[in-house]
Structures are given as C-alpha cells and as structure tokens.
**Student:** 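Can you read through this structure? Questions will come right after.
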Amino acid sequence: MSATRPIDAEVTPRESSPPPGTASPTDFATTARLDRFDLPALRRQYTQQGAFLYLKEFLPPAVTAQLISSVAAVEARVHRNYLPGHKQGGSVSRHIIDEAAPFISDLYRSPALVDWLGQLAGEALQVSPIDDPHAYALYFYTRAGDHIGWHYDTSYYAGRRYTVLLGVIDESSCRLEFELHTRERGVAIVAGSVQIPPGGLVFFDGDRLRHRITPLRAGEMRVSLTFEYLTDPKMRFGRRLISNMKDAFAYFGFRQVFRRAMTHGAKVRPLA
C-alpha cells in the first residue's frame, strides 16, 4: 500500500482585522478568511483525493483561541467511554456545547462556511437536525491509550454526511491515519497520515474515508472539534434508533442522547 502526501494549501492570508464594531471573529472566519482560499483549486484537490481535503492552516488565530476557551468551558462535563478494541476517550455533545460554548454553535451555523463547504463538496449542504448530538462535538484525548479505531463516519440519514474535523489543542503524537479511494472501483487505495494543528481542517465524505486516530501517549493531550453537515436530513425511525444507541454507548451517554431527544420533541418523518 503506497503512501500519500495530502494536499496542504499553501495559503498565507495577509493579516487584517474587521472594522471595529462591524464583525465578530466568527464573521471574519467565514467571510474574509474564506475569500482568500482558491476554492476551485481546492475543489480539484478534494475530488482527486476521493472526497478528502487537508488544510494545515484554516482558521485565523482569533477563532482558534475562542475554540480553546470553549474547551475550558466544557471540560468538566466530558463523558468518557471505553469500547474494547475500538475506542477510548471523552466526548462533549452539541447539547452541552449549546449551553456552555455557544461560539462553536455560531461557527457551525455560519451561512458563509456552510456555502463554502458545499461548493467544495459539489452539492448543497445543510446543518444537522437539532436533536443530533453529533452535529458538532468536542473529542478529548487526555489519558494514555485514548484513540479511535478504523471506521467510516457512516450516514444514517437519507443523504450524505460530510465531516469537518478542526484541530483545537494538540500536545500529542496522535495522528489521523486514513485510506483514500476504498470504495472506488478500479482505483488503488492510498494510505496517508496527518497531524492536525490548532486551526487546521480536514474535510471529507464520511462514507468514503476509512480512518482512525492513533493512541495517545502518557502525558499528552489532544482535543478536536467536528462539524457534521448533510445533503438530506430525513432519517427512518429504525436508523434513528440505531444512531441514538451508537451515540449513547460510544460517545455521549444515555442521558445526553435520549433526554435531549425527548426535550426537543424530535419527530422523525418516515421516508416515502
């Protein structure tokens, strides 16, 4: 199996600031910052790599600093899980983030960001339903051995599910290891590995990228943030149950997943 060097856009935006009182750090991240990337070139790279793109520098420092502050706001409410042979680590769902770190919620819903990612993917994207705990979530690797094994970000929705992975804190040797083109006939599988620094981005089609996070070593720490966007938010009742059980066991715990679903009064419409 051959190795690849994922495309890292060599973009060094000129330093600038929004006029006082006219834009928040989130606005800056999703308008001026995005305009400085060569979107057609990134779209070609993303397509050539089988619906995968890595940008070492994506968020401006001010936004990354806000994300780091958000970690401090939620770290007392991390839910830890251990699934032998698959994963070990801590998670914070969008429901807690909504209460304690709304900056992340605002960034996730940014129309400019959603539109930019949709152009990158080549199709219109939507935010996830309000009862989906995975819509945006923080993942904590803080104990030796924390990791997640090989998997796909399987979509239980009617449409495709795209993942944005943002580096927040990385004082670790952990790496995102992945395999490109695993579900493309006649295309050789290509293996790769990246370490995502604070402010870095990985964007991919969840059903097409096989990936894992390598184990944390003693004395290290890693925190990442994921955003989930969809092409069709409808979901069959049975798939909703499977998705909720997976999230409860592997990530956020039963209280967060099921109590929140009932609180939001989520209604799942059956597909025609």
Side-chain angles (χ1 to χ4, degrees), residues 24-27 29-30 33-34 55 58-59 63-79 81 89-118 120-121 125-141 148 153-157 159-170 176 196 198-206 209 211 213 222-231 233 235 240 243-244 246-248 250-253 256-257 259-261 263-264 266:
S24 69
T26 302
D27 297 328
T30 56
R33 184 74 170 190
L34 296 177
L55 297 177
F58 180 70
L59 296 176
V63 172
T64 302
Q66 286 270 33
L67 296 182
I68 294 171
S69 296
S70 297
V71 169
V74 304
E75 61 185 348
R77 303 174 70 180
V78 173
H79 182 85
N81 292 90
S91 309
V92 175
S93 78
R94 64 92 55 82
H95 304 308
I96 290 176
I97 289 172
D98 285 343
E99 298 171 4
F103 175 82
I104 291 176
S105 311
D106 293 340
L107 183 61
Y108 169 75
R109 294 185 179 90
S110 164
L113 178 61
V114 177
D115 177 71
W116 190 87
L117 293 170
L120 188 59
L125 301 183
Q126 303 178 46
V127 297
S128 300
I130 195 170
D131 62 313
D132 187 340
H134 252 117
Y136 37 97
L138 285 162
Y139 297 96
F140 286 70
Y141 298 73
I148 187 165
D153 288 356
T154 303
S155 175
Y156 292 95
Y157 288 94
R160 279 171 293 284
R161 167 185 168 183
Y162 288 87
T163 298
V164 173
L165 176 57
L166 296 169
V168 180
I169 296 173
D170 191 8
L176 169 70
I196 309 170
L201 169 142
V202 172
F203 178 67
F204 58 91
D205 181 336
L209 186 77
H211 59 286
I213 300 295
R222 178 181 185 271
V223 181
S224 62
L225 172 66
T226 64
F227 290 165
E228 172 189 283
Y229 297 100
L230 312 170
T231 59
M235 186 185 294
R240 169 59 68 192
S243 179
N244 283 342
K246 175 182 67 69
D247 286 343
Y251 294 100
F252 310 117
Q256 274 297 306
V257 173
R259 182 178 65 117
R260 292 293 177 169
T263 298
H264 289 307

**Student:** What is the minimum heavy-atom distance between M235 and Y156, and which atoms define it?
**Tutor:**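 That would be CG-O, 3.3 Å.
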**Student:** What are the two closest non-hydrogen atoms of A137 and S93, and how far apart are they?
**Tutor:**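 Nearest pair, atom of A137 first, then S93: CB-CA, 4.4 Å.
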**Student:** Does a side-chain heavy-atom distance below 4.5 Å link Y141 with V223?
**Tutor:**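 No; the side chains remain at least 4.5 Å from each other.
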**Student:** Give the minimum heavy-atom separation between P198 and T64, together with the two atoms involved.
**Tutor:**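 Answer, listing the atom of P198 first, then T64: CB-CG2, 3.8 Å.
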**Student:** side-chain hydrogen bond (donor to acceptor under 3.5 Å, both in side chains), that's the test. Do Y157 and D132 meet it? Break it down for me.
**Tutor:** CA-CA 11 Å; Y157 288 94; D132 187 340; 2.6 Å; yes
**Student:** P102: what forms a side-chain contact (heavy atoms from CB on, under 4.5 Å) with it, not counting sequence neighbours?
**Tutor:**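 Residues passing side-chain contact (heavy atoms from CB on, under 4.5 Å) with P102: none at all.
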**Student:** Closer than 3.5 angstrom, by distance alone: can the side chain of R77 be matched with the main-chain N or O of V92 as a donor-acceptor pair?
**Tutor:**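 No, R77 side chain to V92 backbone: no donor-acceptor pair under 3.5 Å.
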**Student:** For a side chain to side chain contact (heavy atoms under 4.5 Å, CB included) with I104, tell me which candidate from L67, V74, L166 qualifies.
**Tutor:**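 Between I104 and the candidates, side chain to side chain contact (heavy atoms under 4.5 Å, CB included) is satisfied uniquely by L67.
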**Student:** Could you work out, with side-chain contact (heavy atoms from CB on, under 4.5 Å) as the rule, every residue matching T231, not counting sequence neighbours?
**Tutor:**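 Partners of T231 by the side-chain contact (heavy atoms from CB on, under 4.5 Å) criterion, ordered by chain and then number, come out as E123, L125, R160, Y162.
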**Student:** With sequence neighbours left out, write down each residue that passes side chain to side chain donor-acceptor pair (under 3.5 Å) with D153, or none if nothing qualifies.
**Tutor:**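 If we apply the side chain to side chain donor-acceptor pair (under 3.5 Å) test to D153, skipping adjacent residues, the hits are H151, T163, H211.
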**Student:** I'd like to check the ring pair (Phe, Tyr, Trp, His ring centres under 6.0 Å) partners of F140; sequence neighbours left out, ordered by chain and number.
**Tutor:**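 For F140 there are no ring pair (Phe, Tyr, Trp, His ring centres under 6.0 Å) partners, ignoring immediate neighbours.
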**Student:** How close do I68 and V168 get, heavy atom to heavy atom, and via which atoms?
**Tutor:**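 Minimum heavy-atom contact is CG1-O, 3.6 Å.
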**Student:** Do the ring centers of W116 and F58 come within less than 6.0 Å of each other?
**Tutor:**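 Ring centres of F58 and W116 closer than 6.0 Å.
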**Student:** By side-chain contact (heavy atoms from CB on, under 4.5 Å), which residues pair with S105, not counting sequence neighbours?
**Tutor:**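 By the side-chain contact (heavy atoms from CB on, under 4.5 Å) rule, S105 matches I97, D98, R109, Y136.
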**Student:** Mind checking what makes side chain to side chain donor-acceptor pair (under 3.5 Å) contact with R222, not counting sequence neighbours?
**Tutor:**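 Partners of R222 under the side chain to side chain donor-acceptor pair (under 3.5 Å) test: none.
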